[in-house]
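Okay, structure first, notes after.
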Amino acid sequence: MKNETAINFFYIVPFSEETRNKPFISIFFCLTYLIGVLINFSIITLHKPMYLFICNLSIIDIFYTSVTVPKLLHILFSGNHIVSFSQCYTQLYLFLAVGIAEEILLFIMAYDRYVAICLPLHYHQILCRRNCILITFGIWIAAFLNSLLLVVSALNMTSCHSNIIHQIVCDLKSLTRIICTGTTMFFVIIGLEILIFSLVPVLGTCISYVNIFLLIFKMKSKESRRKAFSTCSSHFTVMSIFYGACLAGYLIPPYIDFLDVSFSVVYANIIPMINPIIYSLQNSNVQSALLRFIKEMFFIHRNSHSGDW
């Protein structure tokens, strides 16, 4: 007989409770969170239409870390691992929303690179400011509606194992481990979600880059090839890291908690911090935005100290 129970709270155990490295882990997450938020905030200051998608990626990265890290720091500092039912599912809703938004946005950015390299004469017609704004609104609306659908369907699940989640966040994979009954509709929705918001964007991105690379290899000028590669290299790197970490995280067997948590830390905490750094390596405007923001922070810090005197 299955012991089905109604859960009022969850017990999140991101790391071993006996670990002696909790202070160092807490400092690590605190520093990466602050650095990631500050760097991404500096990217948002790029008020140019051509950087609309990069700015949206920075907004998503800020939300990504803000959904997971503050609650994780509270658990590590206070030692209180209890998360209420409503808190867990609210976190799940926001975590799914920003994850879906990033998947769609990375596909749109790949298409943006395809149009810029393969159809340069039609770029401003296809991806004009109006179209980019509409696409941005469409991304967020689709992400939040799809996340709502997933969370509502997950609310009908019944737990029969335990309420302990070995993860840094309430995510769908962790919750499905502790359920024993579910509705057919839930698994149908999961299948459609994987098809529409995972396989289709990845396939579209791959098609875009196949066309881009075919065109680049046909270019006779080395300088033209170099410029074309530099145009898409940052996005290709960001996309590869994101999809690689997500795929590895979801392919890990459920009994290997350490690796599961490690990959969650990568795509929920490390990737949002390094994304703007990767883009700054190939883009002078992004570099200048980062440097300007650092100078402003240094100026404010220096003035605050001079005021103390």
Side-chain angles (χ1 to χ4, degrees), residues 12-16 19 21-44 53-77 91-92 94-106 109 143 165-174 198 201-202 205 233-252 256-283 286-287 289-290 293-294:
I12 293 185
V13 185
F15 309 101
S16 174
T19 182
N21 298 321
K22 279 188 178 180
F24 299 102
I25 295 173
S26 303
I27 293 171
F28 167 76
F29 278 104
C30 189
L31 288 176
T32 54
Y33 175 67
L34 291 175
I35 293 171
V37 169
L38 290 175
I39 293 177
N40 280 291
F41 184 77
S42 68
I43 301 298
I44 299 174
F53 295 141
I54 296 179
C55 292
N56 269 275
L57 182 62
S58 291
I59 293 171
I60 289 172
D61 288 337
I62 290 174
F63 277 125
Y64 231 135
T65 53
S66 298
V67 167
T68 57
V69 177
K71 184 60 182 178
L72 176 61
L73 289 175
H74 174 263
I75 292 172
L76 293 173
F77 284 126
Q91 189 180 52
L92 173 65
L94 295 173
F95 188 74
L96 287 173
V98 293
I100 294 166
E102 181 155 7
E103 288 181 355
I104 302 173
L105 182 61
L106 288 175
M109 293 175 76
I165 296 176
H166 294 279
Q167 190 51 272
I168 63 172
V169 63
C170 287
D171 67 341
L172 205 57
K173 182 182 177 182
S174 300
S198 294
V202 170
T205 301
S233 60
S234 297
H235 173 264
F236 187 79
T237 304
V238 168
M239 179 201 67
S240 300
I241 295 173
F242 176 78
Y243 281 118
C246 289
L247 184 63
Y250 276 90
L251 289 179
I252 291 173
I256 309 179
D257 293 326
F258 174 75
L259 284 178
D260 195 20
V261 171
S262 298
F263 278 103
S264 294
V265 171
V266 170
Y267 69 74
N269 189 245
I270 303 299
I271 291 178
M273 180 184 68
I274 65 174
N275 277 348
I277 297 175
I278 293 172
Y279 271 102
S280 67
L281 295 177
Q282 295 290 341
N283 194 302
V286 177
Q287 288 177 9
L290 287 173
F293 185 79
I294 293 171

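Here, residue 1 is the first one in the sequence, and each next residue gets the next number. Since we're looking at a predicted model, the values are computed, not measured.
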Please set out all donor-acceptor pairs under 3.5 angstrom arising from side-chain atoms of residues 96-104, sequence neighbours excluded.
none

Practice task
Show your working on side chain to side chain contact (heavy atoms under 4.5 Å, CB included) between Ser264 and Val169 and close with a plain yes or no.
Solution key: CA-CA 8 Å; Ser264 294; Val169 63; 5.6 Å; no
Fill in the blank from the handout: Across all chains, not counting sequence neighbours, the side-chain hydrogen bond (donor to acceptor under 3.5 Å, both in side chains) partners of Thr65 are none
Problem - Minimum heavy-atom distance Leu172-Leu92, with the two atoms named - result: N-CD1, 3.5 Å
Completion exercise
Distance col, row Asn275:CG vs Ile60:CD1, nearest 0.5 angstrom, shows 10.0 Å
Exercise for the section: Only counting residues at least two apart or in another chain, list the ones meeting side-chain contact (heavy atoms from CB on, under 4.5 Å) with Ser262. Expected result: Phe258
Problem - Which atom of Val67 lies closest to which atom of Gln91, heavy atoms considered - result: O-NE2, 2.9 Å
Problem - Heavy-atom closest pair, residues Ala268 and Pro272 - result: O-CG, 3.8 Å
Problem - Results of ring-ring contact (aromatic ring centres under 6.0 Å, His included) for Phe95 - residues two or more places apart only - result: Tyr64
Handout entry: CD1-OG distance between Ile75 and Ser26, expressed to the nearest 0.5 angstrom
Key = 10.5 Å
Completion exercise
Closest non-hydrogen atoms of Leu105 and Asn56, given as atom of the first, atom of the second and distance, are CD2-C, 3.8 Å
Completion exercise
Output for pair (Leu72 CG, Asn269 CG), nearest 0.5 Å, gives 8.0 Å
Practice task
For Met273 and Ile39, work out which heavy atoms get closest and say how close.
Solution key: O-CD1, 4.4 Å
Fill in the blank from the handout: Distance col, row Leu73:CG vs Ile27:CD1, nearest 0.5 angstrom, shows 11.0 Å
Practice task
Return the set of residues passing side-chain hydrogen bond (donor to acceptor under 3.5 Å, both in side chains) with Tyr33 (not counting sequence neighbours), or none when no residue passes.
Solution key: Ser66
Problem - Pairwise distance CG(Asp171) to CD1(Ile165) - rounded to 0.5 angstrom - result: 8.0 Å
Problem - Donor-acceptor contact present, side-chain Asn40 to main-chain Gly36, <3.5 Å - result: yes
Fill in the blank from the handout: When rounded to the nearest 0.5 Å, the distance separating OG1 of Thr68 from CG of Leu94 is 11.0 Å
Handout entry: Residues in side-chain contact (heavy atoms from CB on, under 4.5 Å) contact with Met239, at least two apart in sequence or another chain
Key = Thr205, Tyr209, His235, Phe236, Tyr243
